[in-house]
Every structure is written in structure tokens, then in C-alpha cells.
K.L.:
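Below are the C-alpha cells for one structure; questions will follow.
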Number of protein chains: 2
Amino acid sequence: MSNMGNQLISNVFKALAHPTRIQIVKLLRNGELCVCDILPNLDSEQSNTSQHLTVLKNQGIVESRKDGSKVIYSIKNKEVYEMIDLVEAIILRQIEETKTSLSK
Amino acid sequence: MSNMGNQLISNVFKALAHPTRIQIVKLLRNGELCVCDILPNLDSEQSNTSQHLTVLKNQGIVESRKDGSKVIYSIKNKEVYEMIDLVEAIILRQIEETKTSLSK
DNA sequence: TTATTATATTAGGAATTGCTAATATAATAA
DNA sequence: TTATTATATTAGCAATTCCTAATATAATAA
């Protein structure tokens with residue numbers, strides 16, 4: 001029923017379900033970057049990074065264009081930052097809860 | 001560095017990265033439900049559903065309380081609905097894009 | 001042309017996730 | 001107590017994801 005919808009929705013979450021991919025998205029917050037500038041900021045091999053970029057691209061989170069021999073990536077759907085902010089809010093609340101439950 | 005942060009963030013996304021878990025969250029949009037009322041709305045075995053509920057609970061997305069022999073689940077961090085709305089916006093835009101690119 | 005730089009793709013194995021079937025636990029009912 | 005209902009846990013296997021190492025491709029430089 002709305003089952004296909006849930007599949008599509010979970011695919012987007014899945015694309016964000018990896019620390020390296022979160023890091024990539026964060027790196028692009030201040031504007032586009034070529035792969036060559038992304039790579040040194042990550043703790044991940046070139047081929048692995050390329051695969052992570054493909055995952056993000058397949059879900060429409062980032063897009064890319066070619067510039068000479070370089071490939072420039074940028075954020076395609078900026079909602080992703082609001083999503084990350086919401087997750088951070090959840091995590092902060094969870095941490096608070098843990099703290100208060102420990103101090104009892 | 002902020003690496004632990006990205007791990008925590010991606011853990012939350014991971015919890016939402018399954019169609020059944022999205023469905024569960026949607027079912028809880030109108031209020032708490034016991035497992036017995038969740039089950040018939042899902043296309044998933046009892047033990048499997050129980051495991052999915054545990055995943056959501058571990059990431060603080062839902063919480064549960066006991067009521068007699070039943071266990072009642074509810075949403076703990078309602079930001080999750082804003083997140084789903086944002087994902088749906090991304091998907092709709094992607095679909096529009098696909099449509100216009102096909103009609104060219 | 002040959003070499004170099006930038007990026008992508010592929011294959012294969014390791015690690016993780018997801019599912020089913022069986023069993024366990026806990027509360028209530030008979 | 002015994003049975004039943006509601007839910008959780010566990011083990012083991014299937015499916016998926018992740019990573020590395022190797023190779024491919026494409027653009028530019030020499």
C-alpha cells in the first residue's frame with residue numbers, strides 16, 4: 001500500500017546511515033568541493049570514498065559536475081541539514097536524560 | 001574528532017533505515033499502541049517486529065511501558081516526524097525532476 | 001605519444017543486518 | 001496449578017553492506 005513509499009523513505013535514511021557519509025555531507029555545508037578536497041578530510045580510502053559519494057548521489061542527496069579532470073560535488077537537497085539538526089536534538093535530549101538518570 | 005558525533009548521528013539514521021520501522025513510527029503518529037495493535041498492521045512476524053521495536057527503542061525514537069500483560073509503545077522524540085516529512089519532500093522533488101527529464 | 005593526476009568501477013571477502021523458527025518469560029485466566 | 005495470551009530473546013542462516021586491492025577511464029601535462 002504505502003509500502004513502496006516506506007521503502008523509498010528508508011532508502012534515503014539508509015544513505016545517511018554511515019559516519020563517513022555524514023561527514024561528507026557536513027563538509028559540503030559551506031559549498032561545493034571536488035573529490036580531491038573531500039578526500040584529505042576523511043579517514044577513508046579513495047575508492048571507498050568514491051563509493052560513499054555514489055550512495056549519496058543515488059539518493060539525490062548530493063549531485064556532481066565535471067570541471068576539467070576534477071569532479072565537483074555539492075548538496076542537492078539541503079533538507080539534509082535540517083535532518084541532521086533534528087537528529088542532534090534527539091541525541092542531546094537522550095544525553096540529558098542519561099545524565100539525570102545517573103545522578104539519581 | 002567530531003567522529004564520535006557522526007557515529008551517533010548515523011546510528012539514529014540507521015534505526016530509521018528500514019521500511020518496517022518507518023511503518024511502525026507512522027502507526028504511532030496518532031498515539032501510543034500496544035504491540036498487539038501494531039502487529040496486525042505490519043507485514044512482519046511477531047519476533048521480527050519485536051526486534052524492530054528494540055532497534056527503535058535503543059535509539060530513543062520510541063519508548064515503552066507495561067500495562068498488565070501488554071507493552072505499550074509510543075514516540076519518544078517527535079522530531080522523527082519532521083525528519084520523515086523532510087525526506088518525503090526530497091523524494092517528491094526527485095520524482096518531479098525525473099518526470100521533467102523524461103518529457104524532454 | 002607517454003606519463004600523471006583525478007576519479008570510478010569491480011571483485012571478493014569480512015562484517016553487519018534481517019529473518020525465521022524455536023524457546024523463554026511474564027501476566028492473567030481458568 | 002495449568003493454560004493461555006502477550007511479548008522478548010536466541011540461534012543460525014540468508015542477504016546486504018562495507019572495505020580493500022586492483023584495475024579502468026578520462027583529462028591534462030610533458
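In the text below, chain A, chain B and the rest are named by the order of the sequence lines, each starting its count at 1.
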K.L.:
From D/dT7, D/dT9, C/dT7, pick the nucleotide closest to the side chain of A/C34?
P.N.:
C/dT7
K.L.:
How close or far is atom C1' of D/dT7 from atom CD of B/Q51, stated in whole angstroms?
P.N.:
12 Å
K.L.:
Is it true that a side-chain atom of B/E32 and a backbone atom of B/L28 form a donor plus acceptor pair closer than 3.5 Å?
P.N.:
no
K.L.:
Which nucleotide, if any, forms a Watson-Crick or G-U wobble pair with C/dG13, using both distances under 3.5 Å?
P.N.:
D/dC18
K.L.:
Just N and O in the side chain of B/Y73: are any of them under 4.0 Å from OP1 or OP2 of D/dA8?
P.N.:
yes
K.L.:
Could you check whether any side-chain N or O of A/N77 sits under 3.5 Å from a backbone N or O of A/G60, counting only pairs where one atom can act as donor and the other as acceptor?
P.N.:
yes
K.L.:
Could you check B/E88 against B/R93 for salt bridge (charged side-chain N to carboxylate O under 4.0 Å, His left out), going step by step and ending with a plain yes or no?
P.N.:
CA-CA 9 Å; B/E88 287 177 344; B/R93 195 165 321 121; over 6 Å; no
K.L.:
In whole angstrom, give the distance that lies between atom CG of A/L53 and atom P of D/dC18.
P.N.:
14 Å
K.L.:
Taking the side chain of B/S50 as heavy atoms from C-beta outward, which of D/dT9, C/dT17, C/dT28 is closest to it?
P.N.:
D/dT9
K.L.:
Could you tell me whether the side chain of A/Y81 and the main chain of A/V25 form a donor-acceptor pair under 3.5 Å?
P.N.:
yes
K.L.:
What is the distance, to the nearest angstrom, from the CG atom on A/D37 to the C1' atom on C/dT5?
P.N.:
14 Å
K.L.:
Expressed in angstrom and rounded to an integer, what is the separation of A/K57 atom NZ from C/dT9 atom P?
P.N.:
8 Å
K.L.:
C/dA21, C/dT7, D/dA27: which one has an atom nearest the side-chain heavy atoms of A/C36?
P.N.:
C/dT7
K.L.:
What nucleotide, of C/dT20, D/dC19, C/dT7, holds the atom closest to the side chain of B/S47?
P.N.:
C/dT20
K.L.:
Measure the distance from CD1 on A/I38 to C1' on C/dA6 and round it to the nearest whole Å.
P.N.:
12 Å
K.L.:
Just to confirm, is there a sub-4.0 Å distance from OP1 or OP2 of D/dT17 to any side-chain nitrogen or oxygen of A/K14?
P.N.:
yes
K.L.:
Both distances under 3.5 Å, Watson-Crick or G-U wobble: report the partner of D/dA27, or none.
P.N.:
C/dT4
K.L.:
In whole angstroms, how far is the P atom of D/dC18 from the CG atom of A/L56?
P.N.:
11 Å
K.L.:
Does B/H18 have a side-chain nitrogen or oxygen under 4.0 Å from the phosphate oxygens OP1 or OP2 of C/dC19?
P.N.:
yes
K.L.:
Any chance you could measure B/R65, atom CZ, to B/C34, atom SG, to the nearest 0.5 Å?
P.N.:
10.0 Å
K.L.:
Nearest whole angstrom, please: distance from the C1' of C/dT5 to the CD1 of A/I72.
P.N.:
14 Å
K.L.:
May I have the distance from A/H52 (atom NE2) to C/dA8 (atom P), rounded to whole angstrom?
P.N.:
13 Å
K.L.:
Does a distance-only test, which skips hydrogens and angles, find a donor-acceptor pair under 3.5 Å between the side chain of A/Q46 and the base of C/dA6?
P.N.:
no
K.L.:
Side chain of A/N48 only, please: which of D/dC19, D/dA22, C/dT20 is the nearest?
P.N.:
D/dC19
